[in-house]
Amino acid sequence: MKRLIIVIALALLDPASAVAVESHQAVEPELRELLKKAAHESDSFADRFDGEVWLTDMSQRLEKRVPDHDFRIELLKNVHYEAKRARIEPELVLSVIQVESNFNPYAISRAGAIGLMQVMPFWLKEIGKPGDSLFSPHTNLRYGCTILRYYLDREKGNRVRALMRYNGTRERRYPAQVYKVFDQRWQPQ
């Protein structure tokens, strides 16, 4: 009853916070185990030439948002690695990052989500890694990609529903934003 009152009060003040609290209370054990495994795992390009072409292309597209060349290349390598590890197209992950944080690794939402992919901090305790920093691009990408993969699997590949779950919403506006960014900026050519 106490939890319900808190969720209702938060819903009145800030609907996103209510979703975050409700989500924290209903953590699915399977997702918790997937995140534990991902947090403990240690170059995703099978071919060096393909890697250079992809990095060059994506780096040019990202240059205005992330002007620091070294950080940009390291970020793109991490995005590619974590996306491939989670069996997600790296370009979709780039689209999610643009919508969620606009590539700001220090972004914090009103609901308390942190970093590039806006991961909720309760995940650190849930999987027994409270010392991890969600401001670390590598850690944030590992968690975010694992969570997105879980929702894609749960929704049997339906990206719209998986993206709605990832964002904690029941509206199609969020997936539409991600797809718009994908089509305009990140779609492979």
Side-chain angles (χ1 to χ4, degrees), residues 16 20 35 38-124 129 131-152 159-160 162-169 173-189:
L35 282 168
H40 291 91
E41 286 179 1
S42 296
D43 194 48
S44 63
F45 295 104
D47 179 88
R48 183 177 175 192
F49 177 76
D50 289 343
E52 289 177 14
V53 169
W54 188 86
L55 284 171
T56 300
D57 181 25
M58 294 301 141
S59 179
Q60 290 171 349
R61 297 181 196 201
L62 187 55
E63 189 171 11
K64 288 182 182 176
R65 284 183 170 71
V66 181
D68 181 307
H69 177 269
D70 293 339
F71 177 74
R72 184 172 64 249
I73 295 301
E74 190 63 28
L75 174 63
L76 287 168
K77 285 180 181 178
N78 281 321
V79 165
H80 194 274
Y81 178 81
E82 293 302 332
K84 290 294 187 177
R85 185 193 61 75
R87 301 177 336 272
I88 303 171
E89 298 111 316
E91 299 82 10
L92 178 61
V93 173
L94 289 166
S95 302
V96 168
I97 293 170
Q98 183 173 333
V99 170
E100 290 287 347
S101 68
N102 200 27
F103 295 93
N104 178 358
Y106 303 106
I108 302 175
S109 74
R110 291 182 304 164
I114 295 174
L116 292 168
M117 293 188 75
Q118 293 291 280
V119 176
M120 292 301 291
F122 70 79
W123 283 116
L124 297 173
K129 300 276 288 182
D132 279 358
S133 172
L134 292 173
F135 292 115
S136 160
H138 176 76
T139 301
N140 196 281
L141 290 166
R142 169 82 35 113
Y143 284 48
C145 288
T146 301
I147 293 165
L148 183 54
R149 174 78 258 159
Y150 174 77
Y151 289 139
L152 284 163
R159 289 182 180 176
V160 171
L163 287 167
M164 289 184 335
R165 279 178 167 254
Y166 184 85
N167 186 250
T169 184
R173 190 179 74 169
Y174 175 79
Q177 289 174 315
V178 171
Y179 276 114
K180 181 178 179 183
V181 167
F182 180 85
D183 290 341
Q184 291 178 348
R185 177 166 298 275
W186 301 113
Q187 185 171 42
Q189 297 180 357

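Here the structure is a predicted model, which is why all the values come from computation and not from measurement.
- A heavy-atom distance below 4.5 Å is not found between the side chains of His80 and Met58.
- Between Trp186 and Phe103, the ring planes lie tilted relative to each other; the angle falls in the 30° to 60° range.
- Two residues are said to be in side-chain contact when any heavy atoms from C-beta on lie closer than 4.5 Å; Ile97 and Ser101 meet this criterion.
- Closest approach of Val93 to Cys145, counting heavy atoms only: CG2-SG, 3.8 Å.
- Ionic pairing of Asp68 and Arg72 is not present here: no N-O contact between side-chain nitrogen and carboxylate oxygen is shorter than 4.0 angstrom.
- Contact record, Pro175 with Met164: CG-CG, 3.4 Å, taken as the closest heavy-atom pair.
- For the pair Asn167 (side chain) and Leu163 (backbone), a donor-acceptor distance under 3.5 Å is absent.
- A salt bridge links Glu89 to Arg159: one of the charged nitrogens lies within less than 4.0 Å of a carboxylate oxygen.
- Side-chain contact of Glu100 with Tyr174: a donor-acceptor pair under 3.5 Å is present, judged by distance alone.
- Looking at heavy atoms from C-beta onward, Lys180 lies out of side-chain contact with Gln177 at the 4.5 angstrom threshold.
- For the residue pair Val119 and Trp123, the shortest heavy atom distance occurs at CG1-CD1, 3.9 Å.
- Shortest non-hydrogen contact noted between Pro137 and Phe71 is CG-CE1, 4.0 Å.
- The shortest distance between side-chain heavy atoms of Leu141 and Tyr81 does not fall below 4.5 Å.
- With hydrogens and angles ignored, the 3.5 Å screen pairs a side-chain donor or acceptor of Asn140 with a backbone N or O of Met117.
- Looking only at atom types and distance, the side chain of Arg85 has a donor-acceptor partner in the side chain of Thr146 under 3.5 Å away.
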* Go through the steps for Val160 and Tyr179 under the test side chain to side chain contact (heavy atoms under 4.5 Å, CB included), then give the verdict. => CA-CA 9 Å; Val160 171; Tyr179 276 114; 4.2 Å; yes
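- Put simply, CD on Gln189 and CZ on Arg61 are 4.5 Å apart, with the number rounded to the nearest 0.5 Å.
- Gln118 contributes atom CD, which lies 8.5 Å from atom CG of Asn104 (distance to the nearest 0.5 angstrom).
- Taking CG from Leu76 and CG from Leu62, the interatomic distance works out to 5.5 Å, rounded to the nearest 0.5 Å.
- Rounded to the nearest 0.5 Å, atoms CD1 (Ile147) and OH (Tyr166) are 6.0 Å apart.
- Closest non-hydrogen pair, Ser133 versus Thr139, comes out as O-CB, 3.4 Å.
- Considering CG of Leu116 and NE2 of His138, their distance stands at 12.5 Å, rounded to 0.5 Å.
- We find the CD1-CG distance between Ile73 and Asn78 to be 11.5 Å, quoted to the nearest 0.5 Å.
- Closest approach of Met120 to Ala111, counting heavy atoms only: CE-O, 3.3 Å.
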